*Asks:* 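Have a look at the structure that comes next, please.
Since the model is a prediction, treat every value here as computed from it, not as a measurement.
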Amino acid sequence: MIGKNIDGSGFDFDFKVIRAQGSYICGEETALINSIEGQRPEVRVRPPYPAEQGLFNKPTIVNNVETLSTLHFIIEQGGAAWKAIGTERSSGTKLVCLDSFFNKPGIYEVEMGTPMSTVINDMGGGFKSPVKAMQIGGPLGGLVPVSKIDDLKLDFESFAENGFLMGHASIICIPETMPMIDFLEHLFDFAAYESCGKCFPCRLGTKRGHELLRKANTSDYKISKKLFEDLLNTLEEGSLCAHGGGIPLPVKNAMEYFEDEMKGYFE
Amino acid sequence: MSNTAYINNIEHQFKDGETVLAFVRRIVGEKLIPTLCDSPNLDSFGSCRICSVDVALEKDGKTKVMASCHTPMTSGMYVYPSTDSIKELRKNIMELVLTDHPLDCLTCEVNGNCELQDVAAQVGIREVRYPAGENHLDKTKDLSHPYMTSDLSKCINCYRCVRACDEVQGEFVLSMAGRGFDTHIVKGTDQSFMDSDCVSCGACSQACPTSAISDIFQSKAVHVEETTRTVCTYCGVGCNLEVSTSNGEILSIQAPYEAEANGGHTCLKGRYAFKFYNHPDRLNSPMIKRNGEFEKVSWDEAYDHIASELTRIKSSNGPDAIAGISSARTPNEENYLMQKFIRAVVGTNNIDCCARVCHSPTALGMQRSFGTGAATNSIDDLEFAEFILIIGANPTDAHPVTGAKIKQKMMKGTPSIVIDPRRIELAKYATYHLQLKPGTNVALLNMMLYYIIEAGAEDAKFIDNRTEGYEEMKTEIMRLNMDELEEITGVDKNLVKEAALAYAASKAAMEFHGLGVTEHLQGTFTVQLIADLVMITGNIGIKGAGMNPLRGQNNVQGAADMGAQPHQGAGYMDVTDPEMQSKYNTFYGVKDVVPRHVGYKIPEMFDAAIAGDLKAMWIIGEDVVQTDPNTKKVIAAMENLELLVVQELFMTETAMRATVILPGASFLEKDGTFTNGERRIQRVNKVVEPIPGCKVDGQIIVDIMNKMGYPQEDYSGPGVLAEVAGIVPFFKGATWEGLGDNGLQWPVLEDGSDTQMLHIEEFKRGKGKFHFFNYEKSHEVERHEKDFPYIITTNRELEHYNCGAMTRRTGNVEILTEDVLLIHPTDAIKEGIADGEFVCVESPRGKVDIRALITDEMKEGILSSTFHFPEVMLNIITSDEHCSEAMCPEYKVVSCKIRKSKGKAKHLAEAQTV
């Protein structure tokens with residue numbers, strides 16, 4: 001139902017699909033808005049929130065495609081029907097992408113509240129080769145050791161209780177053979193490259209984090225634990241948006257669950 | 001919702017819209033929360049995060065770290081600005097900043113006045129624990145520009161320069177490129193300052209917290225001994241300047257953030273074009289011309305010579321054989337003294353000033369319509385304006401700080417009309433550009449009035465309650481034929497209609513105009529029609545509206561206020577009124593010296609000199625030869641005088657023709673007050689002593705008054721101001737102390753209170769008066785269009801000021817090196833002229849050679865140029881046609897023909913032989 005005066009209602013609706021240029025930071029709503037306006041994808045301060053002043057300073061709703069895709073069901077069946085799916089606080093379903101380490105990789109629509117073991121073992125058919133941890137919910141998502149699979153259900157509450165983040169819920173596997181420091185180095189490299197460069201903690205902190213890990217990984221340099229802790233806190237508390245603010249979570253998870261592997265790189 | 005919140009659990013009240021940072025700073029002081037990316041005149045941005053604070057929703061509750069600069073205060077907020085963890089966070093952020101900063105503070109330009117240094121000290125950073133990593137320390141300096149410099153190895157990426165360029169000036173020259181750690185400042189399309197579109201306003205340099213962007217004067221360096229606040233000498237915006245000096249020498253200039261006139265901003269003239277003050281070309285001794293050569297003489301000899309000559313001429317030809325032109329570049333006090341000297345000592349009303357050649361029609365026209373010939377509102381009102389109407393003004397060049405404010409408004413969507421024959425910068429942002437033929441303002445304004453009346457869009461209530469003469473005006477207007485006027489103006493009548501109705505529909509429309517209104521045959525009438533337009537829509541007496549002439553010279557408002565005009569004395573009292581005549585004579589302590597007949601206006605002075613009626617002239621700081629129209633005639637007038645005293649800084653074209661030269665002092669060397677375009681009387685404070693050999697102009701006048709037997713106390717700004725307050729009614733409450741840093745807007749009442757807006761309840765003249773005027777074709781065009789088919793209209797450029805005597809002796813001349821002729825591509829092709837070639841422009845008065853700049857800013861058949869450079873002497877071609885009412889010359893409509901030049905600068909020889 002698009003176009004002018006839809007069905008004689010006097011309501012006009014039109015849409016335009018704008019193809020993004022592949023910047024990760026554009027997942028942040030205000031950077032996305034800047035980008036659509038033809039500006040650098042930099043994060044804006046809030047308030048004003050996009051709902052008050054967003055695209056071209058007009059009230060703007062920013063939603064994921066996944067959210068929009070649920071509209072059809074909700075319009076057809078009603079909100080109550082949607083709410084009846086999932087758990088009390090995490091209603092509906094979640095699209096979960098399983099990577100190529102699964103026997104049955106692909107995108108699954110999963111009812112919220114489903115045990116993660118069901119998602120991983122039944123839907124995904126288990127791992128092809130040994131996996132030591134999974135990063136769930138994107139590059140800012142927590143790092144879940146396989147030992148925690150049975151503690152988790154696919155909902156916001158369960159992830160939060162266990163010190164992880166559901167995020168977009170998709171799963172990237174980290175094979176047994178990959179040193180955790182390589183993974184963290186890659187993570188910081190990614191974070192530094194995708195930083196919009198606006199706020200000081202993220203622009204500088206992600207870069208220095210990457211350098212510390214690389215130096216420790218490639219020489220006999222040992223990272224000061226205090227310095228690394230300070231860096232993670234600075235990113236977490238100081239960053240303007242969730243990009244810099246989110247990186248410490250998987251790093252902290254790695255430090256906690258893979259302490260034995262990591263401690264050799266620290267003073 | 002209450003406005004109660006807590007800082008460290010102590011209750012305080014916050015203001016609506018206040019951020020956490022502003023709240024804490026107001027209550028606890030500026031220093032408690034350090035910042036790097038925050039700046040007083042920029043929107044909060046949130047990049048440095050140094051200003052982070054802990055915030056809880058209940059006493060000692062769970063806190064969240066928030067950047068205080070962009071977090072608004074809300075009711076019941078508990079702010080903890082410096083907890084241990086916050087202090088740690090700030091230190092850790094600073095440590096990261098220092099991983100990419102050259103730690104060469106001792107040799108850095110801003111050592112001791114660096115915000116980065118201050119914050120590093122405040123957060124107590126002692127070491128950088130990170131191992132050496134990638135950095136930007138190898139960035140090279142940019143020294144390409146006569147003023148702006150950069151050393152981006154010192155950049156901390158706070159974006160203050162980028163934001164200043166965007167939000168303050170609106171030039172968008174500076175931006176960020178690269179991503180993440182590679183993010184870096186670029187100028188233009190990654191060019192040097194010189195190659196970019198930078199307008200050298202210096203806002204970025206002032207905004208930069210380090211030395212990453214600075215200027216050649218190193219304005220943030222601390223070798224300053226003293227700073228003096230004063231007011232700019234260039235345009236009528238009246239920017240406050242903070243001038244740094246050491247050992248009696250001026251080092252640099254910044255714009256104070258708390259200045260009401262300019263709020264931390266100024267332009268390249270105010271900020272950087274000050275080096276003329278001690279230029280080797282400065283005149284430094286009185287001189288008398290003997291046998292065609294200037295001879296240096298003592299002050300006494302010069303005074304004796306002048307006094308005896310004036311006495312001789314006065315006794316043989318009467319006082320009316322003597323005339324004075326006062327300077328709108330000098331303070332009120334000096335203007336007052338000059339007119340007093342001419343009136344009370346010489347005994348004539350032959351006193352005028354450059355307002356004659358710029359806004360005399362504004363003063364006269366607005367007096368006729370409203371009763372007061374000055375801006376009705378304040379520039380700050382722009383904040384409240386919902387519509388902007390600009391007629392014949394190019395503020396981004398001629399009034400850059402106001403221009404930038406207007407441009408910001410327009411860019412943010414305030415609807416607007418620009419009426420101008422040129423597609424000036426603001427026309428590019430305007431909703432409507434009515435690009436009329438020069439000389440047709442009256443026709444265009446009549447069209448606007450017609451369409452407003454026709455649509456019934458007038459403000460009937462305002463018209464009924466506040467005005468008179470409406471019905472008569474309406475009857476005449478409705479008789480006009482819009483098709484005819486469309487033909488005359490060359491502007492689509494539907495566009496005029498749409499624009500007029502948009503203006504009429506606005507709740508608060510603010511009007512600005514410049515010399516494109518006044519410098520015409522119908523200049524005064526145009527002003528009166530603008531007043532009609534303002535009144536018919538009720539756009540006066542309310543915030544964000546009114547009629548606001550953009551005054552040219554820094555003190556042209558003041559020069560007229562002080563009585564430097566032949567029909568009104570100090571305070572605009574009519575010299576022909578016996579009661580006023582007696583009031584002036586009594587006040588000046590003379591008996592029947594001030595006459596009761598109106599004196600010569602400037603163009604009449606020239607005519608009288610040529611006719612032999614005027615024998616002596618005294619000109620202060622005004623290069624009439626270069627800047628008044630019809631140069632050959634002005635020269636003829638100068639050369640026919642027996643005595644020509646010129647008080648000047650430099651050997652101008654006029655000074656060359658003087659018989660006596662008196663070296664005066666620049667604004668940096670004297671005290672006094674300037675009155676800006678919004679009637680703001682501001683204190684000019686002496687920054688340095690006059691250079692050796694020069695005298696403060698006010699003292700020169702006092703000396704000659706004493707020499708001629710009139711006792712006048714030695715010059716001092718405060719002293720003369722007190723005298724002025726005794727005679728000028730609207731200065732009654734103005735005292736040196738009372739003016740303070742930001743000045744007061746007249747009328748200043750006896751209790752010292754001032755006036756931001758005029759005509760609120762009623763007009764000065766009682767009812768506002770509507771007038772009707774029919775369009776009359778410019779006599780110049782009527783007479784000469786057949787043989788001289790082009791029209792040239794004169795304009796101004798940002799970099800230079802009027803005759804350029806000052807700006808051409810600064811770095812500005814490296815940025816704009818010459819006057820050029822703006823010509824439409826079609827005309828250029830037709831005449832076989834290529835871009836950059838010299839064109840011979842010929843009018844009935846003479847011809848000049850000038851370099852062509854082909855641009856579609858012009859309409860076909862219309863040319864434009866400036867007269868900043870004596871190498872061109874553009875006024876050789878302008879006419880002595882003038883406004884029928886105020887005698888303001890018609891600089892804006894000059895008939896001419898053009899051809900490719902046969903030899904550059906031939907005109908100079910021709911001019912000399914007249």
*Asks:* Do Thr234(A) and Leu89(B) have side-chain heavy atoms sitting under 4.5 Å apart?
*Replies:*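 In short, these two side chains touch, coming nearer than 4.5 Å.
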
*Asks:* Quick check on Tyr159(B) against chain A: is it the side chain, the backbone, both or neither that has a heavy atom closer than 4.5 Å?
*Replies:*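 Contact with chain A: side chain only.
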
*Asks:* Is chain B contacted by the side chain of Leu240(A), its backbone, both, or neither, given a heavy-atom distance below 4.5 Å?
*Replies:* both

*Asks:* Looking at Glu42(A) and Met176(B), what are the two nearest heavy atoms and their distance?
*Replies:* OE2-CB, 4.2 Å

*Asks:* Checking heavy atoms, do the side chain of Arg203(A), its backbone, both or neither come under 4.5 Å from chain B?
*Replies:* both

*Asks:* Can you check whether anything in residues 225-232 of chain A gets within less than 4.5 Å of chain B, heavy-atom wise, and list it by number?
*Replies:*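 Hits under 4.5 Å: Lys226(A), Leu227(A), Asp230(A), Leu231(A).
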
*Asks:* Looking only at heavy atoms, what is the nearest atom pair of Pro201(A) and Cys48(B), with distance?
*Replies:*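 Shortest heavy-atom contact: CD-O, 4.3 Å.
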
*Asks:* With a cut-off of 6.0 Å (strictly less than), are more than 12 heavy atoms of other residues, nucleotides or ligands near NZ of Lys148(A)?
*Replies:*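 More than 12 heavy atoms, drawn from other residues, nucleotides or ligands, come within 6.0 Å of this atom.
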
*Asks:* With rounding to the nearest 0.5 angstrom, report the CG to CG distance, Asn157(B) to Leu204(A).
*Replies:* 7.5 Å

*Asks:* What's the separation between atom CD in Glu237(A) and atom CG in Asp54(B), rounded to the nearest 0.5 Å?
*Replies:*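 Separation between the atoms: 7.5 Å.
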
*Asks:* Check whether Glu134(B) gets within reach of chain A through its side chain, its backbone, both or neither, counting any heavy atom under 4.5 Å.
*Replies:* both

*Asks:* Mind checking the OG-CG spacing from Ser195(A) to Asp182(B)? Nearest 0.5 Å is all I need.
*Replies:*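 Going from the OG atom of Ser195(A) to the CG atom of Asp182(B) covers 11.0 Å.
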
*Asks:* For the CD atom on Glu383(B), are there more than 12 heavy atoms of other groups (residues, nucleotides or ligands in this structure) within a distance under 6.0 Å?
*Replies:*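 Counting neighbours around CD of Glu383(B), 12 or fewer heavy atoms of other residues, nucleotides or ligands fall under 6.0 Å, so no.
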
*Asks:* Should we count CG of Asn217(A) as having more than 12 external heavy atoms under 6.0 Å?
*Replies:*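 More than 12 heavy atoms, drawn from other residues, nucleotides or ligands, come within 6.0 Å of this atom.
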
*Asks:* For chain B, which of Arg44(A), Glu211(A), Arg40(A), Lys215(A) has the most heavy-atom pairs under 4.5 Å?
*Replies:*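 Top count of heavy-atom pairs under 4.5 Å with chain B: Arg40(A).
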
*Asks:* Who are the side chain to side chain contact (heavy atoms under 4.5 Å, CB included) partners of Leu165(A), not counting sequence neighbours?
*Replies:*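 Side chain to side chain contact (heavy atoms under 4.5 Å, CB included) list for Leu165(A), sorted by chain: Leu249(A).
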
*Asks:* For the pair Ser239(A) and Arg49(B), evaluate side-chain hydrogen bond (donor to acceptor under 3.5 Å, both in side chains) and give the outcome as yes or no after the intermediate values.
*Replies:* CA-CA 7 Å; Ser239(A) 295; Arg49(B) 321 304 288 171; over 6 Å; no

*Asks:* Are there residues of residues 45-67 of chain A whose heavy atoms fall under 4.5 Å of chain B's heavy atoms? If so, which?
*Replies:*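 Answer by number: Val45(A), Arg46(A), Pro47(A).
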
*Asks:* With only heavy atoms counted, which part of Lys207(A) is less than 4.5 Å from chain B, the side chain, the backbone, both or neither?
*Replies:* side chain

*Asks:* Please flag which part of Leu36(B) lies under 4.5 Å from any non-hydrogen atom of chain A: side chain, backbone, both or neither.
*Replies:*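 For Leu36(B), side-chain heavy atoms alone lie under 4.5 Å from chain A.
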
*Asks:* With a 4.5 angstrom heavy-atom cut-off, which part of Cys37(B) approaches chain A: side chain, backbone, both or neither?
*Replies:*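 Neither; nothing under 4.5 Å.
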
*Asks:* In terms of heavy-atom pairs under 4.5 Å with chain A, which of Ser52(B), Ala177(B), Cys69(B) leads?
*Replies:*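 It is Ala177(B).
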
*Asks:* Is there a donor in the side chain of Arg129(B) and an acceptor in the side chain of Ser224(A), or the other way round, less than 3.5 Å apart?
*Replies:* no

*Asks:* Crowded around Asp220(A) CG? As in, over 12 foreign heavy atoms under 6.0 Å?
*Replies:* no

*Asks:* So which atom in Val97(B) and which in Phe200(A) form the shortest heavy-atom distance, rounded to 0.1 Å?
*Replies:* CG2-CD2, 3.4 Å

*Asks:* Who pairs with Arg179(B) by side chain to side chain contact (heavy atoms under 4.5 Å, CB included), at least two apart in sequence or on another chain?
*Replies:*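 Per chain and number, Arg179(B) pairs via side chain to side chain contact (heavy atoms under 4.5 Å, CB included) with Ser23(A), Tyr193(A), Glu194(A).
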
